[in-house]
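The residues of the chain are indexed from 1 along the displayed sequence.
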Amino acid sequence: MLNVCAPSAEEQQEIAAALAKVPKQPLFSSDFEVARGRTSMEERPSFLQPGASTQFSSETPSATWVRIRHEFSVQALFSTVQYSFSVDPKTMMETMVFRVRDPKDLMQLAIEDSASAVTTPLMMLNTSTPVSRIKLERFGKSSVVLAKCQASEGSPSPDQSVYEPLFRSATAIIANYRGLLGAKRTVPDELSRIAGQFIPSKSKRIAKPADKH
């Protein structure tokens, strides 16, 4: 079983090394993708799969999401970066995945943060929300995961102060790439388009019959 609350010293070093390999000023190729959608909670896309600490509303059948993917130039260690933003009535979540071009040990790095949906997506995008989960998927080995852990019944929250440098580093990466990928502009625009698809057009209103005189 993965010890996500207290990874070993060796696993901490692996996480730190992977985070350090993410370029701060990347060179992107001309290929990119922007997608949006509405998905039932039972069929949540794989790129929106949450960490164990993330909660979603069981009262609603769907979540809306926006995905932005860019490819790095061929010289980069990573082949693509994929940013996803999802919203349901209870939670908003950002997920950023860096996939390795030629995996030997590390296959991909995933970083996640979340916030309550009481605020707006734009406000969350303009705030440096602390990362709550970091995951390394490794070739031929089990994954390495570090997650913010909450208090359980009968026991206090674990002391994770030693891992704060890793969480801060991951938070800085999301903040940087949020700007590099234009998420602050693209995500609200795409979410508004999704909402607009479910608002009846005025031109489609059924006319009432004329009054008879």
Output the distance between atom CZ (F167) and atom CZ (R133), rounded to the nearest 0.5 Å.
-> 10.5 Å
Spacing of R178 atom CZ and T127 atom OG1 [to the nearest 0.5 Å] | 8.0 Å
Got a donor-acceptor contact below 3.5 angstrom from the T39 side chain to the A63 backbone?
-> no
Point-to-point distance, once rounded to the nearest 0.5 Å, from OG of S114 to NZ of K90 | 11.5 Å
Can you find a heavy atom in the side chain of M124 that is under 4.5 Å from one in the side chain of D113?
-> yes
Might you point out which heavy atoms bring P26 and Y177 nearest each other, and give the distance in Å?
-> CG-OH, 3.5 Å
Could you grab the distance from atom CZ of F85 to atom CG of L125, nearest 0.5 Å is fine?
-> 4.5 Å
Is there a donor-acceptor pair under 3.5 Å between the side chain of E112 and the backbone N or O of M93?
-> no
Side-chain donor or acceptor of Q160 paired with backbone N/O of A147 under 3.5 Å = yes
When rounded to the nearest 0.5 Å, the distance separating CZ of F32 from CG of L181 is 11.5 Å
Can you list the residues that meet the salt bridge (charged side-chain N to carboxylate O under 4.0 Å, His left out) rule with E190, with sequence neighbours excluded?
-> R36, R193
Determine, using the 4.5 Å side-chain heavy-atom cutoff (strictly less than), whether I194 and V87 are members of one ILVMFWY cluster.
-> yes
Using the rule that two of Ile, Leu, Val, Met, Phe, Trp, Tyr join whenever any of their side-chain heavy atoms come within less than 4.5 Å, decide whether L136 and L77 are in one cluster.
-> yes
Would you name the heavy atoms of D189 and S192 that are closest together and state the gap between them?
-> O-OG, 2.6 Å
Residues W65 and S84: side-chain donor-acceptor under 3.5 angstrom = no
Hydrophobic cluster membership, V162 vs L146, 4.5 Å side-chain cutoff = yes
Correct closest heavy-atom pair for I111 and A170 would be CG2-CB, 3.8 Å
Heavy-atom side-chain contact between L106 and E14 under 4.5 Å | no
Is the backbone N or O of R67 less than 3.5 Å from a side-chain atom of Q82, with the two atoms forming a donor-acceptor pair by type?
-> no
Of the options I15, I173, V145, V144, which is the one that meets I134 in a side chain to side chain contact (heavy atoms under 4.5 Å, CB included)?
-> I15
Residues F72 and P23: closest non-hydrogen pair is CE2-CG, 4.1 Å
Least distance between heavy atoms, A183 atom then I68 atom | CA-CD1, 4.1 Å
Check the surroundings of atom CZ in R101: do more than 12 heavy atoms from other residues, nucleotides or ligands lie under 6.0 Å from it?
-> yes
From the options R138, E11, E137, select the one residue that forms a side chain to side chain contact (heavy atoms under 4.5 Å, CB included) with S143.
-> E137
ILVMFWY network linking Y83 to L122, side-chain heavy atoms under 4.5 angstrom | no
Partners meeting salt bridge (charged side-chain N to carboxylate O under 4.0 Å, His left out) with E164 (sequence neighbours left out) | K148
Of all heavy-atom pairs linking Q150 and P158, the shortest is O-CD, 4.0 Å
Are M96 and L180 connected in the hydrophobic side-chain network, where two residues link if heavy atoms are under 4.5 Å apart?
-> yes
Is there a donor-acceptor pair under 3.5 Å between the side chain of S169 and the backbone N or O of P165?
-> no
To the nearest 0.5 Å, tell me how far Q108 CD sits from S79 OG.
-> 9.5 Å
So, the side chain of S157 versus the backbone of A151: is there a donor-acceptor pair under 3.5 Å, distance only?
-> yes
